[in-house]
Amino acid sequence: MKIVAHFEIPYYQIVNEEGKITSDVPEFAKDPDHLIRLYRVMILNRLFDLKAIALTRTGKLGTYPSARGQEAVFAGMGDAIEKEDIFVPYYRDVGTLIQRGVKLKEILLYWGGDERGNAFECGGKDFPYSVPIGTQMLHAAGIATAFRIRGEKRAVLVTCGDGGTSQGDFYEAMNVAGVWKLPVVFVICNNQWAISVPRSQQTASQTLAQKAIAAGFSGEQVDGNDVIAVRERIFLALKNAREKNEPTLLEIVSYRHADHTTADDASRYEPKNQRELEWKNEPIARLYTYMTNLGMWSKEKDQALNEECAALVEQSVQDYASIPSVSPEVMFDYLYAVLPEAYKEQRDMLIKRGESAHG
Amino acid sequence: MKIFHLPDLGEGLAEAEIREWFVKEGDVVKVDQPLLSMETAKAVVEVPSPYAGRIGKLYGKNGDMIQTHAPLVEFESEDSSVKKDKGTVVGNLEESETVLDEGDVIVGIPQKTVASVKAMPAVRALAKQLQVDLTLVKATGPNGQITAEDVKKQAEQIAPISGKILPLRGVRHFMALAMTQSHQEVVPVTISDDADITDLPADTDFTVYMMQAMAAGVKAEPALNAWFDGKKMERMLHDEVNLGLAIDTEEGLFVPVVRNIGNKSSKELRAEINKFKSAAKDRSLTPQDFQGATITLSNFGVFSGQYATLIVVPPMVSILGCGKIREVVGVHQGSIGIRRIVPLSLSFDHRAITGGEATRFLAAVIHYLQKK
Amino acid sequence: MAEITLVEAINQALAFEMQADPNVVVLGEDIAKNGGVFRATVGLLDKFGPERVRDTPLAESMIAGLSIGMASQGLKPVAEFQFMGFIYPALDQIINHASRMRHRTRGRLSCGVVFRTPFGAGIHAPEHHSESTEAIFAHIPGLRVVVPSSPARAYGLLLASIRNPDPVIFLEPSRLYRWAKQVVPNDGKALPLDKCFTLQVGMDITLVTWGAMVKETLAAANRLAKDGISCEIIDVATIKPLDIETILASVEKTGRCIIIHEAARTCGVGAEIAAQVAERGLMFLQAPIQRVTGYDTIVPYARLEKIYIPSENQIIETVNKVMEFA
């Protein structure tokens, strides 16, 4: 008997929950401006989330999935990705989307039930939110295939939750990425919950990262509350993908400090004190502590930044509220490149009915 | 009583300042309703209510600093302690107080109903065009279906409905209306009898003679010379006999009124009749000529007809009709002979006239006609 | 006796049948500990334990395939797909296997599963949560497709579906889940499958519908009654196999037929009903058959949702148009 294969799954962390360094600090993290940029994205994300939840409570927004407690995951990803790469989100990725050029008001539009929220004024070929779980992994593989066919040195970054790793599409995407050597970086935002199903009931696999081994490439775990580690590991993975056509799977370990969506009620299934216990790992406080200890940051600067971000959030709400309503026949206008004859009558009927929609 | 403690607003900070309360003590709030806005070092945040219920106490006023996890709002007891389960993960489900009462829901085919006419749409359209009533058509198609041929066959059997459409005008129009009204109001009874006028001189002016006979009948039984008001339930018995005389012309039926026939001579009566006849012909009758009839005479039997049920025109209560005078084999004073008889029909409104009154009147008329 | 909502009636039926038949197993995402995102399975875990009430990993194709495997061995799986928009990965399993298991083994194996899912628009949810694609399943030989429209029918038809030895796709109209309550005795009595339900007897026109549109159809009929138009309302309930006889008997009486469904017009189930009524009932018709349906577009996001769903006014306009025809 001999062992023909074995595997190792590394876990990466640079700054721990007390703000102390636990491994080498990468170059970028020595630049205060860069850290402050990352910090700003997290603050903006957090404030925006709170506002979105409040809007939902008052009926101005539909259901909204909060990313509270996971801000470092999305801030880090959005910072690491290059402009010419493609981003394929799932649905909590506000922090990454805003760094890709999507406007806050567009995010409100989407959750407010308006397709214009997916139109992305900034253009580009990033994918819109993916609601059918895990389906986006295959799309990412397809985009990467296009890059290979055209010989472009570009990478694809795709995210899903821990629940998504049980989907067939997840395995199929990883499998083809491995065997075709596709430039995809698969990111699992493991916040420990798939609505009410805890991570332990999702799979018997010890880590989610090791699912990459079965697809023939490497997987790693990253502390999702450490934005420096997140940013660094994703940056390196994307570089690898671009330069060597090697896919990677990163399992970013964090915690969901909110209900699954504003309509869910986690108190039905989440152990009573778990959130409190996990909160001590919270990413914003961690970076605040790290930066303050290094003299890069202060309470005054923090207050000013918060005010600035709050104002941006306020502005986005106003922008959202003042977007003109759509005429309902728009339902037909993007169905095909050119609307076939067969459906013109229905479109006319809609115009005749003369109702208009307003948020 | 339930106390809501200030939650960690998420900034990792120990306290927050009350900026503005949106509710006051005594207010009833819903789950998620914003209670107040609080200012932390980093932002202004609205705090939604975790419970539904009545606010008992607010732990602070605008401007106060509240420590994280310290009491913030007290809710009065009742159901306010239970956090309402929204029961969904996206969107919202409409709830209402509606209670469904579906009554009798029938599973499958209900009881067999009346068999309907079976005809294809094209056949139905044909039937409509040919004015054929499908319910009368004999079906020869499969499964009892009516075919186009069936419809055409039926159409041929019905007399072609062709001819000019003539809207009723003038006299004909009024006749239709008057007859309808009579039919709706009057309770008609007709009594028929014969008068033996064998011994009447051949040159008698029969119409005038009939009028005089009617005057005699009225004298014997004045009830027939009256007006009846069905709504007020009143009769007006007239002293004078103003006789409506039915005159048939090309234009239609005219009934001018010969007034006070009881006090006019035969000559006068005949002159009036002739005056009316020529006036009818040249349409110079005036409205006054038609007003005020108290009883009517219809000499309908000029061409044919023996007995008839005549139309009593309100407010009058009777009308006498003469059929065609004819010869019959009859009995007179015990022996069989050829007799000349005039058939009489007295139609009256039984709301106002009794059978006794009617028959007495008719007897008097016959008596007058048969007198020597 | 308390009145219960449609989703509570589902819960009541599941609890009854799990008690009566130890072979019934319930599975799906978030159905055990959480009781289902709409609470359809609430309380079942506590009553029947984790072997028979299972939270699955997040994978719809797996849920379908697993159920097929379980059913082949005599269990009676009642699997939940969280929304119809997420059932599509399972189509391979449903079409290629569930529908034809009995057929291709000549009865040696069979597939007595129930796949239940909330469907339809109207709850102001994000995209993909508002599908009405029952026509896909109605097209597949070997399947049954059942759609309750009231708490009583939800209870009775779900019991019947679980007891039925063939695969049933059980579509629950989400916007009716808590809309109205009804007295539903927990007596274990199933309602017949493969039969239409006549909810209201009428003389002038037959309105054929199912699911959430029953609500608008009833409301429209009430308004039409004030104008002297008497509507007969048929809830199809079992979309497949279709009880065309009841529909034909009604059209024979009224001579007029309108089919109402939320699903998109082209190749919706209304087209099948219209074709069958035209084939066998043409001789009774006094006017062409009409359909009132959703538009041939992707179901719009929440802002335009109300416009997409056929309205009472649209139903009334169409009835009036039919009544005036010749």
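Labels below follow one simple rule: chain letters A, B, ... track the order of the sequence lines, proteins then strands, and each chain is numbered from 1.
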Exercise. Can you tell me how far OG1 of T88(B) sits from CD1 of I123(C), rounded to the nearest 0.5 angstrom?
Worked result: 5.0 Å

Exercise. Does the side-chain contact (heavy atoms from CB on, under 4.5 Å) test come out yes or no for I106(B) and F197(C), once each step is laid out?
Worked result: CA-CA 6 Å; I106(B) 303 169; F197(C) 294 82; over 6 Å; no

Exercise. Most heavy-atom pairs under 4.5 angstrom with chain B, which of P288(C), A237(C), A180(C)?
Worked result: A180(C)

Problem set entry | Reported CG-to-CE distance for the pair N143(B) and M283(C), which is rounded to 0.5 angstrom | 7.0 Å

Exercise. Hey, are the side chains of F284(C) and K118(B) touching, using non-hydrogen atoms and a 4.5 Å cut-off?
Worked result: yes

For this session: Check step by step if side-chain contact (heavy atoms from CB on, under 4.5 Å) holds for R153(C) and E102(B).
Result: CA-CA 11 Å; R153(C) 283 187 287 289; E102(B) 292 186 302; 2.7 Å; yes

Exercise. How close do L100(B) and P151(C) get, heavy atom to heavy atom, and via which atoms?
Worked result: CD1-CD, 3.8 Å

Problem set entry | Full working for side-chain contact (heavy atoms from CB on, under 4.5 Å) between K253(C) and S116(B) | CA-CA 7 Å; K253(C) 180 172 66 166; S116(B) 323; 5.7 Å; no

Problem set entry | Heavy-atom pairs under 4.5 Å with chain C, option from D104(B), V123(B), V107(B) with the top count | V107(B)

Seminar exercise, completed: Correct closest heavy-atom pair for G108(B) and D243(C) would be CA-OD2, 4.0 Å

Problem set entry | Validation row: L93(B), F38(C) side chains within 4.5 angstrom (heavy atoms) | yes

Exercise. Relative to chain B, which of Q82(C), E245(C), Q200(C) shows the most heavy atom pairs under 4.5 Å?
Worked result: E245(C)

Exercise. Between L285(C) and chain B, which part of the residue has a heavy atom less than 4.5 Å away: side chain, backbone, both or neither?
Worked result: backbone

Exercise. Should E94(B) and R178(C) be marked as a side-chain contact (heavy atoms from CB on, under 4.5 Å) after you check the CA-CA gap, both sets of side-chain angles, and the distance that decides it?
Worked result: CA-CA 6 Å; E94(B) 187 194 337; R178(C) 300 222 180 80; over 6 Å; no

Exercise. For atom CZ of R223(C), is the number of surrounding heavy atoms from other residues, nucleotides or ligands below 6.0 Å larger than 12?
Worked result: yes

For this session: Give the member of A287(C), S174(C), S150(C) that has the highest number of heavy-atom pairs under 4.5 Å with chain B.
Result: S150(C)

Exercise. About how many Å separate OG1 of T98(B) and CD of E3(C), when rounded to the nearest 0.5 Å?
Worked result: 11.0 Å

Seminar exercise, completed: Given R175(C), K181(C), K195(C), the one with more heavy-atom pairs under 4.5 angstrom with chain B than any other is K181(C)

Exercise. Do other residues, nucleotides or ligands put more than 12 heavy atoms under 6.0 Å from the CG atom of D187(C)?
Worked result: yes

Problem set entry | Engaged part of V42(C) at the chain B interface, taking heavy atoms whose separation is under 4.5 Å | neither

